[in-house]
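Chain identifiers are assigned alphabetically (A, B, ...) following the order of the sequence lines, protein sequences preceding nucleic acid strands; residue numbering begins at 1 within each chain.
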Amino acid sequence: MQSKKNMEFILTKIGEMFPDAECELNHSNPFELTIAVLLSAQCTDALVNKVTPDLFSKYKTPEDYIQVPIEELENDIRRIGLFRSKAKHIKQLCQSLVENYGGEIPKDKSELVKLAGVGRKTANVVASVAFGEPAIAVDTHVERVSKRLGICRWKDSVLEVEKTLMKKIPEEEWSVSHHRFIFFGRYHCKAQSPKCDECPLLEVCREGKKRMKKRGVFV
DNA sequence: CTCCCGATAT
DNA sequence: ATATCAGGAG
């Protein structure tokens, strides 16, 4: 487990690396953000951003998604992958918005997770990015980076990772730190080829030191 | 736990 | 060819 001092070091360094880290999914309101995050499951946000301009131009309101035949919606998001379940979830989500929430995305996380296709991670993103609530959404990047650095254990669930991060990061820094973890994971500590050689966090990184040792490099 | 799934990087 | 991508539902 990392000490408090190590966490401060990590937050400082990734802050220097990615001072302007923020949500990269194109959106102009909470509704669009929710759709974009739902679409982003197991898919790069870069690809989501290729689809959403046309999508958001065609579908403005929940009613627009409800009225279109599902085959047509599937076709509009086909390139994203997992398109059949995502199209179904979007339709169910919009139906619920109209029936239970006056057509608006709820701000409360406990309400957000009741929406089809919206789990804990998506709810955290919407609450944080759209409504400014403190939250740490643990996606594949945050999970991988936290485990490589040694902030949590390899066997920890995403919920356990989230709890650990919330405990070790001051609440007022949750949202910024969360985005910096994402950027660090996406552009530097990449899944397939982490840049340990040029990593400012190497001296506090469990996995990085292990990889270096394996290559016979003294850290 | 498995399934959903196309696009892209390695 | 295979791994991975801002996961969630059943």
Side-chain angles (χ1 to χ4, degrees), chain A residues 14 18 20-27 30-56 70-71 73-97 105 109-131 133-148 155-162 165-166 174-197 207 211:
Chain A
I14 62 175
F18 305 103
D20 303 318
E22 59 183 359
C23 178
E24 294 197 300
L25 292 167
N26 295 334
H27 65 281
F31 179 58
E32 288 186 356
L33 176 66
T34 305
I35 299 294
V37 179
L38 187 156
L39 289 175
S40 72
Q42 294 295 294
C43 165
T44 61
D45 59 347
L47 183 58
V48 174
N49 286 338
K50 288 183 181 175
V51 170
T52 47
D54 284 344
L55 192 71
F56 293 161
I70 190 155
E71 294 79 9
L73 179 56
E74 285 177 355
N75 201 49
D76 289 334
I77 64 171
R78 185 170 300 270
R79 289 198 295 153
I80 297 289
L82 309 182
F83 60 91
R84 274 181 282 264
S85 35
K86 285 174 181 175
K88 186 170 68 178
H89 290 155
I90 289 173
K91 275 188 152 292
Q92 292 173 346
L93 180 151
C94 290
Q95 194 72 45
S96 178
L97 284 183
I105 299 291
K109 281 200 307 191
S110 61
E111 297 299 325
L112 284 167
V113 294
K114 292 178 184 173
L115 300 169
V118 178
R120 188 178 182 85
K121 179 242 150 187
T122 300
N124 275 329
V125 174
V126 173
S128 168
V129 176
F131 302 123
E133 293 294 320
I136 299 178
V138 179
D139 67 356
T140 180
H141 297 298
V142 177
E143 180 180 8
R144 181 182 65 253
V145 166
S146 298
K147 291 182 176 180
R148 278 182 178 167
K155 56 174 59 171
D156 284 350
S157 66
V158 289
L159 182 56
E160 287 169 325
V161 176
E162 183 185 332
L165 290 173
M166 288 194 294
W174 284 356
S175 293
V176 249
S177 302
H178 151 70
H179 284 112
R180 287 170 180 170
F181 268 71
I182 303 264
F183 272 54
F184 180 67
R186 184 180 295 157
Y187 301 115
H188 191 95
C189 191
K190 296 189 283 187
Q192 300 194 34
S193 54
K195 303 178 181 177
C196 299
D197 294 310
E207 180 67 14
R211 285 171 185 251

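Atom pair A:Lys121:NZ and C:dA9:C1' shows a separation of 15 Å (rounding to whole Å applied). Rounded to whole Å, the distance from CZ on A:Phe183 to P on C:dC5 is 16 Å. Rounding to whole angstrom units, CD1 of residue A:Ile90 and C1' of C:dG8 are separated by 13 Å. When rounded to the nearest whole Å, the span between OH of A:Tyr187 and P of C:dA6 equals 8 Å. Following rounding to the nearest Å, A:Glu24 (CD) and C:dC5 (C1') show an atom-to-atom distance of 13 Å. Atom-to-atom, CD1 of A:Ile77 to P of C:dC5 comes out at 20 Å; the value is rounded to the nearest Å. For the pair A:Gln92 CD and C:dA9 C1', the computed distance is 10 Å after rounding to whole Å. For the pair A:Leu38 CG and C:dC5 P, the interatomic distance rounds to 18 Å; values are reported in whole Å.
Contact annotation: the side chain of A:Phe56 approaches that of A:Ile35 to within less than 4.5 Å [non-hydrogen atoms, C-beta and beyond]. In this structure, the side chains of A:Val158 and A:Arg120 stay at 4.5 Å or more apart for every pair of heavy atoms.
A gap of 15 Å separates the C1' atoms of C:dT4 and B:dC4, to the nearest Å. When the C1' atom is used for both C:dA3 and B:dC5, the distance is 14 Å, rounded to whole Å. Going from the P atom of B:dA7 to that of C:dG8 covers 22 Å, rounded to whole Å. Across C:dG10 and B:dG6, the matching C1' atoms stand 22 Å from one another, rounded to whole Å.
Atoms CG and CD, on A:Asn124 and A:Glu133 in that order, are 10.5 Å from each other to the nearest 0.5 Å. Rounding to the nearest 0.5 Å gives a distance of 7.5 Å between CG of A:Leu115 and OG1 of A:Thr34.
Classification of the A:Tyr187-A:Phe183 ring pair by plane angle, with boundaries at 30° and 60°, yields perpendicular.
Taking the ring centre of A:Phe18 as origin, the terminal cationic atom of A:Arg180 falls outside the region bounded by 6.0 Å and 45° from the ring axis.
Within 4.0 Å (heavy atoms only), A:Leu115 reaches sugar-phosphate atoms of the nucleic acid but no base atom. In this structure, A:Val125 reaches the bases: a heavy-atom distance under 4.0 Å links it to at least one base atom across the strands shown.
Between A:Leu33 and A:Val126 the shortest heavy-atom distance is CD2-CA, 4.0 Å.
Between A:Arg120 and C:dG8 there is no side-chain polar atom (N or O) within less than 4.0 angstrom of OP1 or OP2.
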**Prompt:** Going 5' to 3' along nucleotides 3-10 of chain B, which nucleotides have protein heavy atoms under 4.0 Å from the base (write B), which only from the sugar-phosphate (write S), and which from neither (write -)?
**Reply:** -BBBSS-S
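With DNA chain C read from its 5' end, the first of the two nearest nucleotides for A:Lys88 and A:Leu25 is the one closest to A:Leu25. Nearer the 5' end of DNA chain C, as judged by each residue's closest nucleotide, is the contact made by A:Cys23, out of A:Cys23 and A:Gly117.
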